[in-house]
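Nothing here was measured: the structure is a model prediction, and the numbers come from that model. Naming convention: chains lettered A, B, ... in sequence-line order (proteins, then strands); numbering from 1 in each chain.
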Amino acid sequence: MQAIDIKMWRELWAMRMQALAIAMVIVGGVSIFIMSLSTVDSLYKTRETYYRNHHFAQVFASLKRAPLSLVERIAAIPGVDKIETRVVAYINLDVAGFDDPVSGHLISLPDASPGLLNQVYLRSGRLLESGRDNEVLLNTDFARAHGLLPGDKLRATINGRRKTLTVIGDALSPEYIYQIGPGAMFPDHQRYGVLWMARKPLATAYDMEGAFNNVTLTLTKSGNAQDVIDRLDELLKPFGGIGAYARKDQLSNRFLSEELRQQRTNATVFPVIFFGVAAFLLNVVISRLISLQREQIAALKAFGYSNFAVGLHYLKLVLMLVGIGTFAGIGTGIWMGQGMSNLYMEFYSLPFMIYVLKPQVIITAVLIGITVAIAGTLHAVYAAVRLPPAQAMRPEPPAIYHTTVIERLGLQRFFSQPTRMIFRHIERRPWKSLLTITGISMACGTMMVGNFQKSAIDHMIEMQYGLSQRGDIIAIYTEPASARSLYSLRNLPGVEYAEGFRTVPAKLQFEHRFYRTSVHGIQSGSKLLRLLDTELNTIDIPAGGVILTDYLAELLQIKPGDMLTIEVLEGNRSTVRVPMAGTAKEYLDVNAYMQHDTLNRLLKEGNTISGARLKIDERYQRDVYARLKDMPQIAGIVEHKSAIQAFYDTIAETLLFFTFVATLLGGSIAFGVIYNSMRIALSERNRELASLRVLGFERAEVAYILLGELGLLTLIAIPPGLLIGYGLCAYIAYAFDTDLYRVPLVLGMNIYAFAALVVIVSSIISAGMIWRNLAHLDMVAVLKTKE
Amino acid sequence: MSVDKPSSYKRIDTDIVFHVHGVTKVYQMGEVQVHALRGIDLDLYRGEFTILLGASGSGKSTLLNILGGLDIPTEGHVLYGRQDLTHATEHELTAYRRYHVGFVFQFYNLIPSLTARENVAVVTEIAKQPMQPETALQLVGLGERLDHFPAQLSGGEQQRVAIARAIAKRPDVLLCDEPTGALDSKTGIVVLEALQRINRELGTTTAVITHNADIAQMADRVIRLADGLITEIQINEAPLTPGELSW
C-alpha cells in the first residue's frame with residue numbers, strides 16, 4: 001500500500017466516531033431508498049404474477065339477473081376473451097362466540113375447480129364438490145380471524161333462510177387482495193369475509209338457476225376495455241346492470257395501486273432528507289480536516305505530489321467513508337425490504353411474495369452516494385488542491401471579522417463581548433450558519449411526519465364517525481323497500497332512533513368528465529348523518545340540488561350552479577340533470593348527496609329506502625343484533641364503534657412503530673447535526689477558548705461563547721423547521737390524496753411542540769457532551785503552539 | 001554587573017510575591033517520563049522585572065505555567081503571597097488568573113472576532129478594578145488603532161494589544177512567554193519597551209521567558225535554567241532600556 005493510502009486509512013480510523021455518525025445517516029438514506037423501491041418492485045411483480053397465474057379478470061359487472069343464454073351475446077363483443085358468470089350474494093353471518101354483526105359476500109365457484117377467472121389459491125382443505133350443498137371455502141383472513149378450520153360450522157342468512165355451513169378449507173383470491181366490506185372504512189376480517197360456495201346450491205337459494213348476477217371477463221390482446229364496457233353496459237341494461245368497470249377501478253386493485261404510489265413517495269422524500277444531511281455533515285467534517293492539515297498538504301506538495309494527487313487523496317477518503325455507509329445501507333435496505341415485503345404479503349392477502357431487487361436500484365443508490373460525497377466535499381477538497389505550498393506552510397492568517405449589522409445599528413452597548421463574539425462568528429460564516437440551521441430544521445421537520453400520520457387518522461375518524469355519521473349501526477336491505485319498514489325497526493327494543501336512507505349507484509357526469517359512485521338520499525334535518533363544510537358546520541341539502549364531496553367536485557371540475565348529469569344505474573335507469581348546490585368535506589370515499597324525497601321523485605318511486613341508520617341503547621346491543629339478523633329483508637349490518645376499535649388495534653402497533661422510527665430518525669439527524677457542529681466549532685476555536693480560560697474565564701463563560709452560538713442557531717432553526725415539517729406533511733397529504741381517501745392536513749400544537757422539544761433536548765445532550773470536552777481544554781499548549 | 005549565588009540574594013520577606021520551594025514536574029509523554037523541573041527553589045519580588053533564560057526543554061515554560069496557575073507541580077509548593085497554588089481547586093486557579101495574573105503569549109492569542117479595544121475589554125469586563133481599554137492601548141502606543149480587528153494589525157501591533165489586554169486589569173504579576181519570539185528585532189524592541197514601561201510605571205511584577213540572551217540585559221534579575229534546574233541567578237544593577245540592546 002502506498003504511504004498516502006496508509007495515511008488515508010489511519011485518518012479514517014482516527015475520525016472513526018464522526019465517520020460512523022456520517023455513515024449512519026447514509027445508511028438511513030440508502031436503506032430507506034432500497035427498501036421502498038425494492039418493496040415497490042416486489043409488490044408489483046408479485047401482483048402481476050398472481051394476476052396472470054390466477055387469471056384475474058379485466059372487466060367486472062354486476063346486474064340483477066340475466067339468463068345464461070346472454071353469455072353468447074357477451075362473447076360476441078369484440079375484444080372479449082374469456083367469460084365467467086357468477087352468482088354473488090351479500091349475506092349476514094353468525095360465528096359462534098362472536099356477537100357483533102358479521103357480513104360477507106358469498107361467491108359461486110364451479111364444482112371441483114378454482115374457477116375460470118379470478119381463480120382461488122387454495123391454502124388448506126379441498127375444493128367444492130358437487131352434491132354437497134352447504135359447504136363453503138373461507139377467505140384465509142376471515143378463517144384466521146375467527147380461528148375457523150375445515151370441519152367447523154358457521155350460520156348464515158341466505159336469502160332470508162338460516163343455513164348452517166360447513167367449512168372445507170380456506171383460500172385467497174386475486175380479486176380480494178384488499179378486502180373491505182360495504183360501508184366500512186377499513187379492512188376488518190372479523191366483521192367482513194368473502195366465502196365461496198358451489199354454484200348449484202347458491203343459485204337455488206337466490207332463484208338464479210340458469211341465470212347469473214355477476215360476470216367477469218378478460219380481454220384479447222387487441223381488446224379495448226372502455227369499448228367492451230360500453231357494449232357490455234348496453235347488453236346488461238335490461239337485466240339490471242349497474243355499470244361495468246375495468247380492472248383499474250376494481251377496489252382491491254386500486255388500494256394496492258395506491259399503496260405502490262405511496263411507497264414511491266416514501267422512496268423519494270425520506271432519502272432526500274438523509275442525503276442532504278449526510279452532505280452537510282461531510283462538508284463540516286472534511287472542511288475541518290483539510291484546514292487542520294494545511295501543513296501536511298504543503299509538505300506533500302513540496303515533495304512533488306500533484307494537485308490532482310492531493311485532491312484524489314481526500315476524495316478517496318470521502319468516498320471510502322460514503323462507500324462504507326452505502327454498502328451497509330444496501331445490506332440493511334435489502335433486509336428491511338424483505339421484511340417489509342413479507343409484511344405486505346400478510347397485510348394484503350397475497351399467497352406468495354417474489355422479492356425483486358433490480359440492479360438499477362442498487363446502481364442508483366451507489367450513484368447517489370457518490371454524488372452526495374462529492375457535492376458535500378467538493379468545495380473543501382478544491383480548497384486543499386488550490387493551496388500553494390508556501391502559503392500552506394504558514395499558519396492560517398487570523399480570520400477576518402467585521403462589526404455586525406446589529407452593531408452598525410448602534411445596538412452593541414446592549415451586548416457583552418462574548419455575545420458580540422457569537423454574533424460576529426455567525427455573521428462571518430453565513431453559509432455555514434445557514435447550513436447548520438437547515439440541517440437542524442430538517443431534523444425538526446422529519447420529526448413532525450411521524451406524529452402527523454396518527455393525528456391525521458384520528459381526525460379522519462373523528463370527522464367521519466364523531467361528527468358526520470352519528471348513528472351506531474347501518475342496516476342494509478336486500479332490496480329497496482317502503483319507508484314503512486322503518487316502523488318494524490323502530491319498534492325493536494333497544495332502538496332509540498331510526499332513519500331511512502336511499503342509495504343508488506349512479507354515473508355522474510359534467511362536461512366530458514364522469515365518475516361512478518352512489519347518490520345518497522338523506523332526510524332533511526337528518527340527525528344521524530350530517531354533511532360538514534371545511535369549518536365543520538352542518539350543511540343543509542337544498543331541495544332539488546346535489547351536494548358533492550369536495551374531492552369529487554374537483555375531479556369533475558364542477559362549480560356550484562353547474563348542472564350535473566346523474567345517470568341512475570338501477571331501477572328505471574333514469575337520467576336527470578340536477579344543479580350542483582355545494583360541496584361537503586369528506587376524507588373517505590367520494591359521494592353525492594340529495595334530499596331523500598328529491599331522490600325518490602327523480603327515481604319516480606314512492607317513499608322508498610335502501611336501509612336505515614340506527615341509534616341504539618348500548619345495553620340492548622346484542623338483542624338488537626340478534627333481531628336484525630333474523631329479519632329476512634336485512635342483508636347486512638355495519639357497526640362502527642367496534643370496527644374503529646379493531647382498526648386502531650390493528651394499526652396501533654404499526655403507527656407507534658412508525659412514530660418511534662420517525663422520532664428516532666429525526667432525533668438522530670438533530671443530534672448528528674448539532675453534535676458535529678459543536679465538535680467542529682470546538683476544534684476550530686479550541687485555541688481561542690483556551691486563551692480565554694488562561695485569561696481567567698470560567699468554564700461556563702467559555703461554554704457560553706461556544707454553545708451560545710449553537711443554541712442561538714438551534715432556536716433560529718426551529719420556526720423554519722416547523723414550516724418544513726408542515727410542508728413535508730402537506731406534501732405527504734397531497735401525494736396520498738385519492739378518491740378512496742384524503743389525508744387531512746391536521747397538525748395540533750402538540751406535534752409542533754414535540755418536534756421542537758426533541759430538537760432542544762438533542763442540543764442539550766450535545767451541549768452536555770461538549771461541556772465535558774471543555775474541561776480538558778489544553779491551556780498550556782495554547783501558550784506555545786500556533787494554530 | 002555582579003554575579004551572585006542564589007542564596008546570597010536578599011530582600012525583605014514582605015516583598016516576596018512568589019515563593020517557590022522544591023518544585024518538580026514530571027510529565028508522562030506516552031511511555032516516557034519527562035522531568036521538566038527537578039527541584040526548583042526561587043522567590044520573586046514585588047515590582048521586579050525578571051527574565052527566565054534557557055534553551056528549549058530547560059523547564060522555563062513549565063515554571064511560568066506553574067506560576068500562572070495553568071499547571072500544578074508534581075512535588076513541592078508554590079505560594080502566591082499566602083495563597084498555596086499547589087493545592088488550589090480549578091475554580092480557585094481560575095479566580096487567581098482572573099484577578100491577579102496577566103498573560104502575554106508568543107502567538108498573541110487574540111480573539112479574531114473582536115477589535116483591539118474589545119480584546120482588551122473582554123478582560124476588563126471580568127476584572128475588579130481595571131483601567132479603561134483605551135488607556136491600556138495608549139500605554140502600548142496603540143491609541144490610534146482601537147477599532148481594528150486582529151486581521152488588520154501587524155504582528156507587533158497584535159502583540160502590543162495582547163500586552164494591553166494583559167495589563168488592563170492591573171494585574172499583580174505579568175507573565176510573558178517568548179513575547180518577541182514571533183517578531184523581528186525592530187518590532188520586538190517596541191514590544192519590550194512597552195513591557196518595561198508597564199513595569200516601571202505601574203510597578204507590575206514581570207517575568208519574561210526568552211531564549212534570547214541579549215534581552216536579559218534589560219532585566220533586574222536573570223534566572224538561567226537548564227535541564228529543569230536553576231543554574232544561575234544574575235542581578236543587573238543597571239538594566240538597559242530595550243533601545244540600548246544589541247540584538
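- The stretch residues 162-171 of chain B places R165(B), K169(B) near chain A, each with some heavy atom under 4.5 Å from a heavy atom of that chain.
- Side chains of F149(B) and R424(A) form a contact here, defined as non-hydrogen atoms less than 4.5 Å apart.
- Side-chain contact check for L70(B) versus R693(A): every heavy-atom pair is 4.5 Å or farther apart.
- Sorted by first and then second residue, the pairs that involve residues 126-139 of chain B and meet salt bridge (Lys or Arg N to Asp or Glu O under 4.0 Å), not counting sequence neighbours, are R117(B)-E134(B).
- To the nearest 0.5 angstrom, R420(A) atom CZ is 8.0 Å from L114(B) atom CG.
- Residues of residues 696-709 of chain A placed with any heavy atom under 4.5 Å of a heavy atom in chain B are listed by number as G696(A), F697(A), E698(A), E701(A).
- Only the side chain of I126(B) comes within contact range of chain A, with at least one heavy atom under 4.5 Å from a heavy atom of that chain.
- Not counting sequence neighbours, R97(B) has no partner by the side-chain hydrogen bond (donor to acceptor under 3.5 Å, both in side chains) test.
- Contact annotation for Q152(B): neither backbone nor side-chain heavy atoms come within less than 4.5 Å of a heavy atom of chain A.
- Residue-environment remark: CG (D147(B)) exceeds the threshold of 12 foreign heavy atoms within 6.0 Å.
- Atom CD of E92(B) sits in a crowded spot, with more than 12 heavy atoms from other residues, nucleotides or ligands closer than 6.0 Å.
- Atom OH of Y382(A) has 12 or fewer heavy atoms from other residues, nucleotides or ligands within 6.0 Å.
- L695(A) contributes atom CG, which lies 11.5 Å from atom OG1 of T94(B) (distance to the nearest 0.5 angstrom).
- For L689(A), no part lies under 4.5 angstrom from a heavy atom of chain B.
- With a threshold of 4.5 angstrom between heavy atoms, T62(B) does not approach chain A through any atom at all.
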